[in-house]
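For reference, the structure is listed below as structure tokens.
Per chain, numbering begins at 1; letters A, B, ... match sequence-line order.
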Amino acid sequence: MEYNHKNIESKWQQYWKDNATYKTEIDESRPKFYVLDMFPYPSGAGLHVGHPLGYIASDIYSRFKRLQGFNVLHPMGYDAYGLPAEQYAIQTGQHPEITTKVNIDRYRSQLDKIGFCYDWDREVRTCNPDYYKWTQWAFIQMFNSYYDTKLQTARPIYELIEHFEKYGSKDIHVACSKDLEFTADEWKAMDDKSKSDTLMNYRIAYLGNTMVNWCPKLGTVLANDEVSEGVSIRGGYPVEQKLMYQWCLRVSAYAQRLLDGLEKVDWTDSLKETQRNWIGRSEGAEMKFKIADSDVELEIFTTRADTVFGVTFMVLAPESAYVDLVTTPEHKAEVDEYIAAIKHKTERERMIDKKVTGVFTGSYAINPLTGDKIPVWVSDYVLAGYGTGAIMAVPAHDSRDYAFARHFNLPVIPLIEGADVSEESFDAKSGKMMNSKGPELNLNGLEVKDAIAATKKFISEKGIGKVKVNYRLRDAIFSRQRYWGEPFPVYYKDGIPMMMDESQLPLQLPEVDKFLPTETGEPPLGRAKNWKTPEGYPIELCTMPGFAGSSAYYLRYMDPKNGKELVSKKANSYWKNVDLYIGGTEHATGHLIYSRFWNKFLYDLGKVCEDEPFRKLINQGMIQGRSNFVYRIKDTNTFVSSGLKKDYDVTPIHVDVNIVSNDILDTEAFRAWRPEFNNAEFILEDGKYVCGWAVEKMSKSMFNVVNPDDIVERYGADTLRLYEMFLGPLEQSKPWDTNGIDGVNRFLRKLWNLFYKGDTLLITDGEPTKEELKSIHKLIKKVTADIENFSFNTSISAFMICVNELTQLKCHNREVLSKLIVLLAPFAPHICEELWHILGTDTTVCDAVWPVHNEEYLKEDNVTYAVSFNGKARYNIEVPADMSADEVQKIALENEAAAKWIDGKTIAKVIVVPRKIVNVVVK
RNA sequence: GCCCGGAUGGCGGAAUCGGUAGACGCGCCGGUCUCAAACACCGGUGGGGCAACCCAUCCCGGUUCGAUCCCGGGUCCGGGUACCA
């Protein structure tokens with residue numbers, strides 16, 4: 001019998017399906033293990049060979065854990081809302097639901113061919129009403145909560161209302177958009193609208209006027225992580241800043257906990273670092289500067305309180321509310337003109353164009369420590385959204401302030417001894433202070449670190465300022481002016497936003513005639529007929545962003561069919577959180593922040609038992625494409641082989657990698673590929689056309705897309721799985737190169753040949769030999785350790801070595817081979833299932849038990865020692881394993897090779913170092 | 001600019017604790033089988049040298065009996081982030 005992957009794979013895939021082999025239930029008698037993949041957005045292009053990389057890795061680990069006796073939860077689903085389906089709908093009029101369903105079916109059939117052990121009964125789709133009911137539910141909970149900064153937890157909003165009724169805003173410690181002050185009487189005197197507006201300042205899900213990233217081309221608002229370098233990540237369209245009234249989530253309230261939680265999780269340092277930078281904690285001080293001849297006080301944030309003696313001007317962000325307050329009548333026209341000019345620029349233009357610009361407001365601030373009058377300017381290098389939107393400028397010790405001062409000819413006062421500020425600023429946070437003596441505070445001679453502390457202490461005591469921690473992390477803007485997303489369970493009663501009752505959920509997405517904004521510029525939901533509550537109140541027209549549905553999906557897998565709760569207490573307390581999460585690093589500052597936030601919020605509510613959702617996280621690398629090129633001689637239809645191209649004037653042309661093998665072009669297939677190449681001529685080398693190659697992104701336009709279906713058809717799923725893992729370390733990005741896949745396919749055939757020669761079954765019973773035991777136990781040890789380290793490429797090498805050894809030994813021993821099959825089953829489940837069956841058991845290999853190695857079989861008869869003499873020479877001697885160090889030394893000295901280095905004079909000393917290596921050092 | 005990560009044969013990559021650098025696979029070369037080719041199998045394969053040996057893990061230096069690995073400095077490549085005060 002020959003190895004026939006097609007029969008074997010379809011047979012066992014059907015068997016697993018028919019017998020619900022991978023169905024998972026709560027089982028208190030076994031320890032749980034939760035392995036999760038980041039669920040995919042089902043795009044129209046289908047899967048290419050890069051997509052399953054992480055899925056294969058998680059599948060191997062799941063199967064491994066299962067064989068070790070764990071009850072493994074390993075689900076899959078679809079992140080089904082998204083822009084491409086909506087844009088396709090706009091172009092074609094086809095409902096995104098249909099497109100999405102078609103794409104999901106395609107994904108599913110591709111995934112099924114690879115032989116994953118998902119429990120598909122637990123599938124979730126973010127666009128299903130049964131699912132998004134709980135996304136809407138979570139939003140309502142956030143609306144009905146505020147964040148207590150003292151208790152560091154979310155609390156019900158009614159507690160805050162009770163407080164307002166008794167004490168007003170006095171003594172509250174609540175995360176808010178801005179500090180408000182009112183008495184209990186003032187609160188009670190407010191009308192419903194004012195009360196609603198006031199509470200918005202504190203709710204975790206709130207409506208707020210915020211600066212948003214507005215993308216005119218997409219017609220929607222985008223979150224910070226959806227924008228990079230001033231353009232939208234999806235589509236690459238310019239993004240501008242705009243003040244809009246939008247739903248937001250108060251993620252910033254959780255900044256410190258999101259930071260602290262990183263200590264507890266097993267993620268890579270680089271990913272944690274990316275999140276730390278994104279959260280951007282900075283300790284500093286807020287300080288007040290009075291404006292001369294005015295009641296206005298400017299509040300600024302600085303991390304360099306020590307440099308307050310070097311402040312030579314103040315700068316306001318153009319959008320700052322202070323601008324109107326401090327601009328003098330004489331300067332108003334000039335300031336207005338500047339601000340208008342800034343508003344015209346998109347974020348991208350502001351970033352590319354780093355010219356120093358600014359305008360004087362006409363006002364002067366008073367330095368609270370020196371009493372000096374300093375001018376107040378407006379400039380776009382100060383951001384409205386960070387700190388207070390106003391800064392004290394210390395040109396000597398901040399490069400941006402320095403550039404500004406030089407451009408507008410403002411004074412520069414150096415404050416640190418030895419700092420040369422004639423050419424550039426001195427930004428380092430070290431050195432001794434000078435020029436820093438005022439009437440009440442003297443920092444001269446102090447180290448910067450101590451000067452910061454001294455200044456903080458002084459300003460706190462004097463009431464000039466206070467110590468303050470700032471975070472870069474902003475609240476998440478939660479409204480999208482789009483159709484294909486979760487509708488908000490919100491209606492407006494006399495202009496006041498109200499939450500729907502939970503019994504009314506899910507609020508289903510309405511039908512619309514077109515997926516475009518309305519003529520009056522309202523979002524697509526504005527086209528829906530009767531988009532009103534039964535009482536006739538209008539319903540919110542925006543939908544939720546992409547990250548809404550992906551923020552808690554891992555919880556829903558635990559209890560996907562529960563109609564009463566997001567997840568039952570029972571299911572949650574058994575499955576707890578994700579033990580292993582595998583996905584791309586591109587979600588570092590988006591999904592992985594939002595879902596941690598979302599989970600922490602649910603934790604505060606007591607709905608989930610773990611405050612971190614993903615215990616261990618692995619980022620699989622990207623699989624890049626490996627493009628092939630042919631070289632057309634200019635103005636001809638003749639193509640020259642890569643090695644000869646330097647003699648001609650050529651244009652490289654991408655050629656479909658599927659008609660190239662080992663960089664050799666199939667010239668006939670090339671002629672048939674495109675009509676214009678019908679009569680192509682070739683200049684060959686050694687009778688072959690050799691293509692050039694380059695590593696590029698895998699994409700249709702580069703003709704380097706390799707489809708997993710084609711590989712499965714030709715070599716089988718087991719070969720694909722092994723080859724993807726064999727390509728290199730999981731975390732590393734690497735190009736896909738189908739050359740080399742024969743190697744792992746050959747390995748599987750060699751494995752098969754241990755069982756069969758022709759149609760003869762070779763399996764023997766009886767005791768394995770010493771060599772056979774050694775080979776298999778070496779493998780058990782290696783593979784067990786490698787899987788735990790996600791070092792799948794080296795375990796496959798180990799399998800190859802073992803199978804070669806067993807072939808050499810002519811080993812067909814049942815005991816040895818059954819161990820081998822169990823070890824390989826996570827990697828190549830189909831062939832192992834078949835061979836397991838051939839070995840004559842009535843269970844599936846999925847129910848086998850992972851073997852444990854025995855050190856006894858691994859003992860070496862001989863040990864190699866490294867011997868060195870005064871570092872001048874080293875050689876290796878092989879001696880029996882049980883030989884003592886003294887004897888080794890003796891042999892070393894007697895050794896001929898050693899003798900010529902010792903000169904017969906000196907005596908060697910033996911040092912035993914780890915790994916049974918002996919060094920002989922001459923005294 | 002700042003923060004991470006990386007650099008090893010013709011190629012992908014091993015060396016998991018500082019101990020024979022190049023495992024395993026691809027490719028290539030030679031052989032067996034075949035009328036021939038493909039498949040399969042066997043052998044060889046970092047460079048130099050007839051050889052003993054010598055030189056090789058991006059470059060320069062250090063620690064060590066011994067460095068791909070640890071330390072200092074530099075070059076190049078990849079990723080993240082960016083007026084964050």
Look at all strands and tell whether A/K750 reaches a base, only sugar-phosphate, or nothing, counting heavy atoms closer than 4.0 Å.
sugar-phosphate

Assigned chi class of B/G47 under the 90° convention is anti

Output yes when at least one side-chain N/O atom of A/Y386 is less than 4.0 Å from OP1 or OP2 of B/A85, else no.
yes

If we only count heavy atoms from C-beta on, is the A/T307 to A/M392 side-chain gap below 4.5 Å?
yes

Under 4.0 Å from OP1 or OP2 of B/A14: is there any side-chain N or O of A/N793 that close?
yes

Donor-acceptor pair between A/E788 and A/Y61 side chains, under 3.5 angstrom:
yes

What is the nucleic acid contact for A/I391, judged by heavy atoms within less than 4.0 Å: base, sugar-phosphate only, or nothing?
base

Do any side-chain nitrogens or oxygens of A/R626 fall under 4.0 Å of OP1 or OP2 in B/C11?
no

Hey, is B/C17 sitting syn or anti, using the within-90° cutoff around 0?
syn

Is any side-chain N or O of A/R276 closer than 4.0 Å to OP1 or OP2 of B/C3?
no

Using the C1' atom as the point on both nucleotides, what is the distance between B/C2 and B/A85, in whole Å?
15 Å

Closest approach to the side chain of A/L383, judged atom by atom: which nucleotide of B/G12, B/A14, B/A85 is it?
B/A85

Decide, yes or no, whether a salt bridge links A/E805 with A/K778 under the criterion of side-chain N to carboxylate O below 4.0 Å.
yes

Spacing of the C1' atoms in B/G74 and B/C55 (rounded, Å):
24 Å

Ring geometry between A/F747 and A/F799 (parallel below 30°, tilted from 30 to 60°, perpendicular above 60°):
tilted

Does A/R749 place a side-chain N or O at less than 4.0 Å from the phosphate oxygens OP1/OP2 of B/A40?
yes

Which nucleotide in B/U16, B/G13, B/C83 has an atom nearest any side-chain atom of A/P729:
B/G13

Is A/D786 salt-bridged to A/K782, cutoff N-O under 4.0 Å?
yes

Using whole Å, what does the distance between atom C1' of nucleotide B/G12 and atom CG of A/D742 come to?
15 Å

Quick check on B/A23: is either OP1 or OP2 less than 4.0 Å from any side-chain nitrogen or oxygen of A/N804?
no

Of A/I796 and A/N277, whose closest RNA chain B nucleotide lies nearer the 5' terminus?
A/N277

Interatomic distance, A/I342 CD1 vs B/C83 P [rounded to whole Å]
14 Å

For the residue pair A/F827 and A/I796, establish whether any side-chain heavy-atom pair is separated by less than 4.5 Å.
yes

Which is true for A/S797 with a 4.0 Å heavy-atom rule: it touches a base, it touches only sugar-phosphate, or it touches nothing?
base

Shortest side-chain distance from A/R746, nucleotide among B/A40, B/C3, B/U81
B/A40

The dot-bracket string of RNA chain B, counting Watson-Crick and G-U wobble pairs with both distances under 3.5 Å, using [ ] for crossing pairs and | for pairs to another strand, is (((((((..(((......[....)))((((((.......))))))(((....)))..(((((..]....))))))))))))....

Is the shortest side-chain N/O distance from A/T794 to OP1 or OP2 of B/A15 below 4.0 Å?
no

So what does A/N789 touch, heavy atoms closer than 4.0 Å: a base, only the sugar-phosphate, or nothing?
base

Distance test, side-chain N/O of A/Q732 to OP1/OP2 of B/G6, below 4.0 Å
no

